[in-house]
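Start at 1 with the first residue, then count along the sequence. Everything numeric here is computed off the predicted structure, so don't read it as measured data.
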Amino acid sequence: MPNVLIRDLDPGVHAVLAARAEAHGQSLQQYLTAELTRLAGQPTLGELFADLASRPPQPPIPASAIVSAIHDGRRAG
């Protein structure tokens, strides 16, 4: 399994991360592994825009259909 080494981390940042790990009942390594996994699972804005740009264009929705859906929603709610 790969390892990551972070040099020159601000001591205040380390203290905050260690406190958060402790609050979650985890070691710092467990906490950081979970946080980095979560972070890697979220697309960046660039990735999101690239994904959206690669999708085929959708036909426009007529304004009358939008207004009708709004009215239907108001009547139902």
Side-chain angles (χ1 to χ4, degrees):
M1 193 168 256
N3 291 310
V4 174
L5 172 66
I6 301 173
R7 296 184 190 276
D8 302 322
L9 183 64
D10 182 273
V13 171
H14 182 272
V16 168
L17 293 171
R20 289 179 183 172
E22 185 176 344
H24 284 88
Q26 298 175 314
S27 69
L28 183 56
Q29 179 178 336
Q30 290 169 323
Y31 178 77
L32 291 176
T33 297
E35 286 298 298
L36 289 172
T37 301
R38 183 185 61 77
L39 181 62
Q42 297 175 345
T44 64
L45 279 178
E47 292 166 342
L48 184 60
F49 286 136
D51 178 53
L52 291 173
S54 71
R55 294 180 184 186
Q58 300 296 313
I61 300 172
S64 60
I66 295 171
V67 171
S68 178
I70 291 171
H71 287 294
D72 291 346
R74 288 180 179 165
R75 278 183 236 135

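By the side-chain hydrogen bond (donor to acceptor under 3.5 Å, both in side chains) test, Arg74 is found to be paired with no residue, residues two or more places apart in sequence or in another chain being considered. Checked against side-chain contact (heavy atoms from CB on, under 4.5 Å), Gln26 has the following partners two or more places apart in sequence or in another chain: His24, Gln30, Tyr31.
Within the model, atoms CG of Leu45 and CG of Leu52 stand 10.5 Å from one another, a figure rounded to the nearest 0.5 Å. Between the CZ atom of Arg20 and the CG atom of Leu28 there is a distance of 11.5 Å, given to the nearest 0.5 Å.
Around atom CD of Gln29, no more than 12 heavy atoms belonging to other residues, nucleotides or ligands sit under 6.0 Å away. Surrounding CG of Leu9 are more than 12 heavy atoms belonging to other residues, nucleotides or ligands, all under 6.0 Å away.
Nearest heavy-atom pair across Ser27 and Ala21 is O-CB, 3.7 Å. Between Gln42 and Glu47 the shortest heavy-atom distance is O-OE1, 4.3 Å.
Put simply, Leu39 and Leu48 are part of two different groups of oily side chains (I, L, V, M, F, W, Y) that touch within less than 4.5 Å, one to the next. Cluster annotation: Leu17 is connected to Ile6 through the hydrophobic network of ILVMFWY side chains, with a link wherever side-chain heavy atoms come within less than 4.5 Å.
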